[in-house]
Each structure stands twice: as C-alpha cells, then as structure tokens.
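Order of the sequence lines fixes the chain letters, A, B, ..., with proteins taken first and strands second; residue numbering starts at 1 for each chain. Since the model is a prediction, treat every value here as computed from it, not as a measurement.
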Amino acid sequence: MSFESFPTTAPPGHSSATTVTNLLDGLTEPQQEAVEYFEGPLQILAGPGSGKTRVITRRIARLVDRGVHPSSILAITFTNKAAREMQERVNQLLPESRIWISTFHRFCASVLRRRGRSVGLESNFVIFNKSDQLQVLRHVLNDLDMDAVRVPVAKLGARISHIKNTMVSSEEFTRSLEYEVGEPFDMIVAQVYPKYQETLLASNAVDFDDLLLHVVKLFQENPALRAEYDDRFRFLLVDEYQDTNVIQYQLVRSLGIDRPNVCVTGDPDQSIYAWRGANIENILHFERDFEHAKLVRLEQNFRSTALILQSADQLISHNRMRKAKSLTTDAEDGEAVQLLRFKDGRSEADGIAEVIRKQCTEAGSKWRDFAIFYRVNSMSRELELAFTRHHIPFQVAAGLAFYDRTEIRDLLAYLRLIENPVDTIAFARVVNRPARGIGKTSQNKLTAWATENGVGPMEAARRADRITSLTKTAKIKLKAFVGIMDTFSLANAGSVSDLLKKIVEKTAYSRTWSAASSEQAITKQANVEELVNAAAQYDEANADDPSITGFLETTALASDVDAVDADAGKVTLMTIHAAKGLEFPSVVIVGLEHGLIPHERSIKSNDPKQLEEERRLLFVGMTRAMRNLYMTTAQVRAERGTPRITIPSTFLAETTFDIIDGSKPDGTRKKSGTSSKPNKNQELRNKLKASLAAGNKPLLTTGAALLSGSDEEVGLPDAGSASTFAVGMRVRHPKYGMGTVTHIAGFAKRRTVEVEFTNGSRTETFSVSHCPLQLIGVR
DNA sequence: TGCCCGGTCGTTTTT
DNA sequence: CGACCGGGCA
C-alpha cells in the first residue's frame with residue numbers, strides 16, 4: 001500500500017520503447033537487478049517491506065517488454081488475495097495483457113479440468129473442503145463399522161492430509177505398516193485412508209491436497225504432458241517460496257526442467273507454515289536445486305520506522321537456524337515499540353480500544369489504520385465485545401467463513417448434486433434438507449444399494465422402486481425428490497444466480513430455519529441473498545462461459561481472509577498468520593504470554609525448530625507495522641473458562657520496547673522511547689544473558705521479572721529463594737497424578753512451577769499460589 | 001423420524 | 001467455555 005503509490009510515469013497505452021527506464025525508476029540497485037535479470041533461475045530473498053511485489057510486477061512487465069509473450073508467463077501465489085493484488089498491479093503496468101496469475105490450487109484445478117481423465121477425474125469434478133472431508137470420513141467409518149471405537153474424525157483428516165503431503169499414497173502407507181507395526185492410530189488410518197480416496201474418486205471429487213497431488217502424479221506418469229506445460233510456461237514466478245511444501249516444490253521443479261527460468265521470492269524469516277508441511281529447505285537449497293541460480297537480496301525496508309524495525313530485527317536475530325540478513329531503513333526513528341500491561345483480558349481489550357480511540361481523536365488516525373493480531377482465533381471474542389462497547393467499527397478476518405455456513409453449504413450442495421450426481425456427500429446433505437421425510441434409515445438403505453450396484457446416489461434414488469428394503473413411503477418421497485432435482489439445470493435457469501433462486505424457491509428452503517429464532521432466521525436469509533449476489537457476480541464475470549463447476553470452484557477456493565477490506569474504514573482483527581503480506585500504520589499484537597506466543601504446543605514439543613517458528617511468527621506480526629507497534633500482556637487470562645496467572649513471553653526478553661501501564665488512563669510510561677540508551681528492559685536482558693551464560697535456564701524468570709510490576713531491582717532466582725518447590729521434586733496432582741517439577745519461574749504471587757507427569761507424559765504449568773500440588777519428596 | 005439433551009471433546013495457524 | 005457428536009427418548 002504505502003510506498004507503492006509510486007507514480008506510474010507511463011501514460012496508459014504507452015508503447016514499450018519508453019518503459020524500460022520507467023520500469024527501473026525509483027528502484028534500489030538490487031531491486032533493479034531482480035527486474036533486469038532475464039533468463040535462468042533467480043532467487044529473490046526479500047525482507048519484510050522490501051518492495052517485493054513491486055519488483056515482481058515490474059519484472060513481469062520487463063519480460064513482456066523484452067518480447068516474451070504474456071501467455072508464456074505464469075505467476076503463482078499462495079493466496080487468492082495475493083494473486084488478485086498482483087494481477088491488479090500487473091494490469092496497471094500492462095493493461096489487457098492477461099498474464100496468468102494464480103494460486104497453486106487454482107492452477108492445479110485448471111490443469112486437472114483439462115487433463116484429469118487419466119487420474120480418474122471428469123472435467124466437472126468438485127473440490128471438497130474440510131467439512132466435506134470430515135463428512136466423507138464419517139461415511140467411511142460408518143461403512144467400516146468403526147464408530148464403535150471412538151475415532152476422532154478431525155484427527156483422522158489431519159493425519160491423512162499430512163501423509164498425503166509427504167506424497168505417500170494409501171497403498172504405500174498400508175504396505176509400510178505391513179512390515180512395521182506403527183502407532184495404533186495409524187492402523188486405523190491404514191484402513192480408512194484407502195476407503196477415503198475411493199469415496200472421493202467415486203464422487204468425482206478431490207480434496208485440497210489431491211488438487212496438487214494429482215497434478216504432480218500426472219506429470220510424473222506422463223512426461224510428455226509435463227514437458228508440454230514446462231514448455232508453455234517459459235517463465236515461472238513463485239511467490240512466498242519459503243512456504244512451499246514437498247508437493248508444491250515438486251510442481252515447481254517439474255515446470256522448470258527444460259526452461260529453468262524460475263524466479264522465486266521469499267524470506268526464510270517469514271516461514272510460518274512449517275506445521276502444515278512447508279519446507280524451509282526449499283528456499284535454503286534453491287541454488288542446489290537450480291544450477292547457476294542468481295541470488296538477489298532485498299534488505300532495505302520501506303515500511304516501518306527505524307525503531308520498529310530494530311526491535312523486530314533484535315528478536316529474529318535470536319534464531320539460530322537462519323541465513324543472516326541485515327535489515328536497513330532510511331526511515332526516521334519514530335516511536336518506540338510499546339508494551340502495554342493489563343490486569344486481565346477484559347481490561348486489555350478495553351485498553352486497546354481506548355488507545356485506538358485516543359489516536360483517532362487526537363492524532364488524526366483513522367479506524368482503518370489499526371490492526372489487532374492475536375495468536376488464536378478464540379482471542380478475538382474479548383476484543384469484539386470491547387469494540388462493541390466502545391462503539392469502534394471493526395471487521396474480523398476469521399470465524400465461520402462465509403462459505404462454511406450451514407445454509408450456504410446446503411445450497412451449494414444442491415448445485416453440486418445437479419452438476420455431479422455421483423457426489424455422495426452433497427446428496428446426503430441435501431436429500432432431507434429441508435426435511436422431507438427421508439430419514440437416516442432410508443438413506444442408509446439407499447447408499448448400501450447404490451454401492452452394491454455401482455451407481456451414484458441420484459441414480460439409486462431414481463431407481464428407488466427396485467430397492468426392496470425401502471418402505472413404500474420412502475420410495476415415494478425419494479421419487480419426489482428426484483422429480484424436483486430434475487427440474488434444475490443451468491440451461492433452464494439461464495444463470496447460476498437464477499438457478500440458485502429457483503432452488504431456494506422450489507425446495508422451500510427457508511423451511512429449514514422456520515424453527516430458529518427470528519433473529520437467526522434473518523441472518524440466514526441475508527446469507528442466502530449474499531450467496532445469490534456472489535453467484536450474480538460470477539455470472540457477470542463469466543458471461544462468456546458460465547458453469548456451475550466454475551462457480552463452485554470459486555467458492556471452494558475462497559477463504560475468509562479474502563473478505564477483509566483494507567478500505568472498509570474499520571479496525572481489522574485477525575490472527576498473526578492471516579496478517580502475512582499485509583501492512584498497517586498501527587499494529588497491536590495481543591497476549592505476549594508464555595503458552596500463547598510462543599504457543600504451548602511449540603513449547604511442549606521441545607523442538608527448537610518449532611520455537612523458532614514461533615519467533616518468526618512474532619517477527620512477521622511486528623514487521624506489519626508502519627508507524628506504531630503495540631504489544632500487550634494480561635496478568636490474568638481466562639483459559640478454557642478458568643482464569644490463570646500468566647507468564648510473560650520469553651520473546652519479550654529478546655527485544656526492546658517501552659513498558660506502559662495500560663490500566664492507567666493515560667498510561668504511565670516507565671521509560672521513554674526514542675533514546676538509544678539502554679533502559680531497564682535492556683539491563684534485564686543483560687542479566688538474562690549473564691545468567692544464560694552461567695548455564696541456567698531462566699528464560700521464563702527473566703520474562704517474569706521484566707514485567708514483575710515493581711520498579712525496584714529484581715534479581716534472578718537462585719536455589720535458596722523462598723519457595724517450597726525445587727526442580728526435581730516429586731509432586732502429586734489430584735487430577736494428573738504423580739509428576740516431577742521440571743522448571744520454576746517467577747516471584748511471589750507470580751511464581752510458577754512446571755510439572756512433568758509420569759503417566760501420559762503431559763506437562764503442565766501451575767501458579768504456586770493456587771495449585772493443588774502436593775509435595776512428595778525429592779527424586 | 002426428529003428433537004433435545006447430555007456429555008465429550010479439544011482448543012493454532014489454512015488453500 | 002463452547003462446539004459438536006451421538007445417543008436416547010418422544
């Protein structure tokens with residue numbers, strides 16, 4: 001946004017001769033280098049706010065300028081939003097050029113629509129999202145008679161997805177377990193995974209993973225096809241390369257063999273998706289994978305003020321597994337990062353609201369200048385309540401995504417079934433919605449018959465007369481359902497939106513919520529209307545070739561983050577992950593607490609890699625801020641309903657900021673900002689370092705000390721400090737049983753112990769002042 | 001067949 | 001604390 005308002009000197013419709021210099025105008029030397037580099041692999045290591053998008057878009061324009069045909073350039077991004085933004089900016093430089101800019105998933109969908117026959121997909125296949133996926137798994141479990149055993153479906157899905165992302169097929173997975181007994185859970189997975197794939201294929205459907213996986217397989221099995229695509233896309237550009245997983249990597253590789261003009265951009269320090277299979281190695285080993293690769297580093301930051309950048313840089317420099325990078329800026333110092341401390345989550349939310357209001361009334365800020373980031377979605381609630389109380393307009397980039405709402409999924413399922421009558425999941429969803437007297441029993445009989453006779457659910461319903469197990473009424477009702485469905489077609493309705501309207505009308509869909517409270521009914525009605533609007537938009541954009549499949553693809557690959565509108569005139573609330581790639585004049589990062597940032601899961605994993613990813617996550621959050629950066633802590637935070645005393649984030653000991661008492665109306669500033677003299681915060685950091693050098697493990701302690709709330713000097717705890725607990729002590733907990741104390745941190749009321757329990761190998765942190773721990777003795 | 005309640009579960013991040 | 005599943009009852 002900000003610095004990108006660089007004037008486009010070329011008038012619209014310019015001829016190419018004048019653009020070369022213009023395309024390099026206002027670029028730094030490394031930026032120019034990246035734009036100018038022509039053929040061969042190119043890696044752009046782009047720090048936050050270093051003008052990456054600008055470089056890529058200009059590079060594309062420059063390629064066209066050199067005579068490369070626009071249709072032989074493919075740019076791939078991760079999110080729709082990034083793709084759209086890049087498309088817009090390329091269009092500014094090259095109006096009407098129709099460069100193909102797409103996400104990995106959309107690109108693969110289009111390949112599969114054209115060439116998916118050999119992996120068993122019709123061109124109108126549907127894309128199953130997560131809830132469809134879970135539905136499939138439930139069906140599979142049902143068929144396998146496994147519901148007796150409690151199997152967590154979501155976990156199954158996650159496990160299968162993970163296996164797929166390591167490119168292990170169901171056959172390979174099952175075979176691998178024949179030789180080696182795996183986890184008990186994997187034994188279940190081994191049974192479910194193949195059936196799951198079968199169901200998808202029988203439904204002419206793919207899940208998100210399949211979308212990529214099928215294409216990679218297609219290219220592997222059909223070298224001529226791979227070569228065709230490789231050749232067609234003479235230039236390939238991949239954004240956010242640090243987030244690619246094994247499959248995406250394979251895809252990029254297979255498109256860059258004959259024509260290795262692959263340009264990747266990314267920043268290892270912003271890799272925050274390793275948990276879902278992203279492989280930092282991909283970017284770290286680019287030079288090895290693509291011979292004679294050129295490397296360009298963009299290290300000058302045009303986004304943040306110097307003090308913000310400095311704090312972020314301090315933090316990230318604590319990562320050990322890292323390509324060192326020097327972030328620089330010409331910007332003024334600006335205001336120091338501020339740490340606002342509150343007593344609990346509610347006053348934190350109120351305090352943030354007050355800060356924002358104050359900035360808007362006194363400093364001329366606008367609501368839209370502010371973004372609040374949190375680690376977990378559940379933390380948005382308290383903030384939403386506070387903003388409502390304070391009458392501050394806000395938008396949340398999360399919650400139930402629009403296309404995940406029941407009424408929307410129901411109507412989409414109708415569309416799916418019309419287009420693809422073998423979609424068992426859509427059938428199950430729709431056949432009795434609104435209720436038309438076709439219950440579970442009848443459905444089970446029908447699907448059993450369908451499987452037996454090798455037909456899809458709609459075909460089975462059509463032949464309901466032949467299914468002897470069905471009751472007479474069930475047969476009649478199924479026939480009626482088929483009758484209604486037969487009246488629906490795109491050809492008859494004329495457009496997707498009209499078809500949707502017809503469905504709503506003919507099925508009397510609003511009966512579904514007749515029982516719901518009126519307020520709910522109104523929301524649902526509005527959602528349905530919004531869906532029709534979305535369809536109308538699709539109709540308009542695809543007037544030349546409208547299809548149900550096309551519309552469904554749009555909805556399947558849309559995400560809630562796409563809906564955030566930077567210009568909405570509202571404060572934006574989102575997770576730190578969702579904030580990647582964005583920037584805001586003022587940013588608040590909420591809950592800098594142990595267990596939140598870094599997240600408990602990463603801490604408990606005991607894996608330094610995971611902790612480093614948490615650090616990168618905070619780094620990403622901090623570097624979104626242009627002018628003001630606030631971070632907050634609450635001394636007490638309700639967790640699963642019960643309030644618990646918090647421990648400050650260890651990361652606070654690794655960066656610089658001013659501490660502000662957020663609960664005081666004006667905020668009592670402990671140390672003021674712009675001086676570079678070490679403040680108390682830094683003295684404490686020095687102590688921490690000395691202590692670390694002495695072989696202690698006091699990160700928690702120092703974090704706590706930092707925020708201990710008193711101005712008096714606080715020392716680090718030693719063996720003799722006042723506490724009855726000591727590392728190595730045996731304790732008993734009424735619920736978790738026997739355990740051993742592994743860490744002690746904090747002082748007085750804020751003193752905490754971490755206990756590793758013997759059975760179940762779980763680890764819990766307790767506040768000494770109120771915990772039910774019983775001392776047993778020393779190990 | 002459908003509704004309601006009760007219990008269980010988990011609880012990070014997403015195309 | 002909340003969502004969601006499954007079971008049991010009307």
K.L.:
Looking across every strand, which nucleic acid part, if any, lies under 4.0 Å from A:Phe78 by heavy atom: base, sugar-phosphate, or nothing?
P.N.:
sugar-phosphate
K.L.:
Let's see if you can work this out: which of B:dT15, C:dG2, B:dT13 has an atom nearest to the side-chain heavy atoms of A:Trp275?
P.N.:
B:dT13
K.L.:
For A:Phe219, which residues count as a ring-ring contact (aromatic ring centres under 6.0 Å, His included) partner, sequence neighbours excluded?
P.N.:
A:Tyr229
K.L.:
Between A:Ser161 and B:dT15, is there a side-chain N or O to OP1/OP2 distance below 4.0 Å?
P.N.:
no
K.L.:
Grab the CZ-C1' distance between A:Arg276 and B:dT13 for me, whole Å please.
P.N.:
8 Å
K.L.:
Go through B:dT15, B:dT13, B:dT14 for me and flag the one nearest to the A:Lys130 side chain.
P.N.:
B:dT14
K.L.:
Starting at the 5' end of DNA chain B and moving along, which residue's nearest nucleotide shows up first, A:Val376 or A:Ala556?
P.N.:
A:Val376
K.L.:
Specify the separation, in whole Å, of atom CD of A:Glu384 and atom P of C:dG2.
P.N.:
13 Å
K.L.:
As a test of reading the structure: which of B:dT13, B:dT14, C:dG2 is closest to the side chain of A:Ala578, going by heavy atoms?
P.N.:
B:dT14
K.L.:
In whole angstrom, give the distance that lies between atom NZ of A:Lys155 and atom P of C:dC5.
P.N.:
16 Å
K.L.:
Under 3.5 Å, side chain of A:Asn432 to main-chain N/O of A:Ile438, donor-acceptor pair present?
P.N.:
yes
K.L.:
Looking at A:Arg637 and A:Asp344, does any basic side-chain N land under 4.0 Å from a carboxylate oxygen?
P.N.:
no
K.L.:
Does either side chain, that of A:Asn319 or that of A:Asp269, offer a donor lying less than 3.5 Å from an acceptor on the other one?
P.N.:
no
K.L.:
Round to the nearest Å and state the distance from A:Asn377 atom CG to C:dA3 atom P.
P.N.:
13 Å
K.L.:
Among C:dG2, B:dT14, B:dT15, which nucleotide sits nearest the side chain of A:Arg381?
P.N.:
C:dG2
K.L.:
Is it true that the NZ or CZ of A:Arg113 lies under 6.0 Å from the centre of A:Phe125's six-membered ring and within 45 degrees of the ring axis?
P.N.:
yes
K.L.:
In terms of side-chain geometry, is the basic nitrogen of A:Arg616 or A:Asp267 positioned less than 4.0 Å from the acidic oxygen of its partner?
P.N.:
no
K.L.:
B:dT13 C1' sits how many Å from A:Gln270 CD, rounded?
P.N.:
16 Å
K.L.:
Answer yes or no: does a side-chain N or O of A:Arg138 lie under 4.0 Å from OP1 or OP2 of C:dC5?
P.N.:
yes
K.L.:
Write down the protein N/O and nucleotide N/O pairs, taken from nucleotides 1-3 of chain B, whose separation is under 3.5 Å; answer none if there are no such pairs.
P.N.:
| residue | atom | partner | partner atom | Å |
| --- | --- | --- | --- | --- |
| B:dT1 | OP1 | A:Gly439 | N | 3.2 |
| B:dT1 | OP1 | A:Ser442 | OG | 3.2 |
| B:dT1 | OP2 | A:Thr441 | OG1 | 2.8 |
| B:dG2 | OP1 | A:Asn432 | ND2 | 3.3 |

K.L.:
Determine the contact category for A:His105: base if any of its heavy atoms lies under 4.0 Å from a base atom, sugar-phosphate if only primed atoms, P, OP1 or OP2 are that close, otherwise nothing.
P.N.:
base
K.L.:
OP1 or OP2 of B:dT15 sitting under 4.0 Å from any side-chain N/O of A:Asn129?
P.N.:
no
K.L.:
Would you indicate what A:Tyr273 reaches in the nucleic acid, counting non-hydrogen atoms under 4.0 angstrom: base, sugar-phosphate, or nothing?
P.N.:
sugar-phosphate
K.L.:
Are A:His577 and A:Tyr273, when compared by the centres of their aromatic rings, separated by less than 6.0 Å?
P.N.:
yes
K.L.:
Give the rounded distance in Å between these two atoms: CG of A:Leu213 and C1' of B:dT15.
P.N.:
14 Å
K.L.:
Whole-Å distance between C:dC1 P and A:Arg637 CZ?
P.N.:
17 Å
K.L.:
Can you measure A:His139 atom NE2 to C:dC5 atom P for me and round it to whole angstrom units?
P.N.:
12 Å
K.L.:
For A:Tyr193, enumerate each residue passing the ring-ring contact (aromatic ring centres under 6.0 Å, His included) test, keeping only those at least two apart in sequence or located in another chain.
P.N.:
none
